Amino acid sequence: MTVNDATAATVSVEGLVQIYTVDGQDTAALSGVSLTVRSGEIVALVGPSGAGKSTLLSVLAGLTTPSAGRVQIAGHELSGKDVGRLDSVRGTDLAVLLQDVSRNLLPYLTVRQNIELGWPSRLARSIDADAILDIVGIDPKLRPQPLQAVSAASRQLTAIAATLATNPAVLLADEPTSSLTGAEVRAVTDAILRANEELGTTVIAVTHDLDVATALDARIITIRDGRIRMDARGGTTELLVREDGSIPLPDDLIRQFPAGTSVVVVPGAEPGTFVVRRATSEGPQ
Ligand SMILES: Nc1ncnc2c1ncn2[C@@H]1O[C@H](COP(=O)(O)OP(=O)(O)OP(=O)(O)O)[C@@H](O)[C@H]1O
């Protein structure tokens, strides 16, 4: 199995808007989301209930056609109307781990069969089920067992293995640890980390659990009211420069740098880094 290229931007989203209309009432689930995820990154989408996290994941997965905006995944421009192209991207470059494990797997087949049967036949010869089950950490003794006989955590690891079978560039996961606890959560985060390290899989996971985001050492993107409010990794904030060169500040930064504040941009400690700070009355230093 080859490792995915870790140089290009894998996911690029520009001005996504999603409006649901129910009984004549409009709900803006996404209100202009722009985002770039580089190959090999692990991103955790966090935020309160109803923030728009699942809608964003669903648009990225091609399961929801957005009201407006553009999505590019692994070099493919996705248009919701181009179903054929979407299917080919989903079969190779993109895998989706749905929240309900039973929707990903067949309970009466064995763990190994669930991986083998998930492969498009054209790819079957180049994939080794045991190699994938090793990556996600499923005990060899469990592999011939019917899926319905193994624990919830092992079922979830099997679901992850099934999504990795086509060696996708991008794995989208909706609440991958929901309904698991303690060591089971760790087994799932370890599996995702190993896929990222060994296969170079880019991961975008919705989670309500900040501990999961931390365990994944993820770039944490906070969504609230359909907008990205914070995009941070290890205390830094990542901002996307617009085509006109402007940089939209998230709410949390606007509170620190209200409109009219004069700031200076100075070189940071490491090459290629810059620090933005409030200008002093004596001017930039
Ligand atoms: N299929 C739908 N039809 C109508 N409204 C929807 C639909 N899906 C989501 N919404 C609404 O869009 C908004 C965003 O929902 P979404 O499920 O994306 O949020 P979320 O952050 O994933 O929330 P949760 O953590 O509770 O799953 C909410 O107001 C929700 O009620």
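Counting convention: from 1, in listed order, for ligands and their atoms alike. Predicted, not measured: the structure shown is a model, and the values here were computed from it.
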Subject >> CZ (Arg194) with more than 12 external heavy atoms under 6.0 Å >> reply: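 More than 12 heavy atoms, drawn from other residues, nucleotides or ligands, come within 6.0 Å of this atom.
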
How far is [atom] from its nearest protein heavy atom, and which residue and atom is that?
atom: atom 6 (C) of ligand 1; result: Tyr20 CD1, 3.2 Å
atom: atom 26 (O) of ligand 1; result: Ser49 OG, 2.6 Å
atom: atom 27 (O) of ligand 1; result: Ser54 OG, 3.7 Å
atom: atom 21 (O) of ligand 1; result: Lys53 NZ, 2.8 Å

Should the pair [X]-[Y] be classified as a salt bridge under the 4.0 Å nitrogen-to-oxygen rule?
X: Arg219; Y: Glu41; answer: yes
X: Asp139; Y: Lys141; answer: yes
X: Arg112; Y: Asp130; answer: yes
X: Asp134; Y: Arg143; answer: yes

Subject >> ligand 1 versus Pro48: contacting region, heavy-atom distance under 4.0 Å >> reply: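 For Pro48, the contact with ligand 1 is made by the backbone alone.
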
Original post:
With only distance considered, is Glu175 within less than 3.5 Å of ligand 1 through an N or O on each side?
Top reply: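 No, since none of the N or O atoms of Glu175 sits under 3.5 Å from an N or O of ligand 1.
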
Original post:
Counting heavy atoms only, which of Gly226, Gly50, Gly52 is nearest atom 28 (C) of ligand 1?
Top reply: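 Nearest option to atom 28 (C) of ligand 1, by heavy atoms: Gly50.
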
**OP:** Only heavy atoms count here, so choose which of Thr27, Asp26, Thr55 is nearest to atom 15 (O) of ligand 1.
**Re:**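 Checking each option, the heavy atom nearest atom 15 (O) of ligand 1 is found in Thr55.
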
At a 4.0 Å threshold, what atoms of ligand 1 neighbour a non-hydrogen atom of [X]?
X: Val22; result: 4 (C)
X: Ala29; result: 12 (O), 13 (C), 14 (C)
X: Ala51; result: 19 (O), 20 (P), 21 (O)

Original post:
Any protein heavy atom under 4.0 Å from atom 4 (C) of ligand 1?
Top reply: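 So far as the 4.0 Å threshold goes, atom 4 (C) of ligand 1 is in reach of a protein heavy atom.
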
Original post:
Does Leu216 reach the side chain of Val203, with side-chain heavy atoms less than 4.5 Å apart?
Top reply: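 No, too far: nothing below the 4.5 Å cut-off.
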
Subject >> For Glu175, the option from Lys53, Gln99, His208 that meets side-chain hydrogen bond (donor to acceptor under 3.5 Å, both in side chains) >> reply: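 It is His208; the other options fail the test.
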
**OP:** Could you tell me whether the side chains of Thr55 and Tyr20 share a donor-acceptor contact shorter than 3.5 Å?
**Re:**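 Short answer, yes.
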
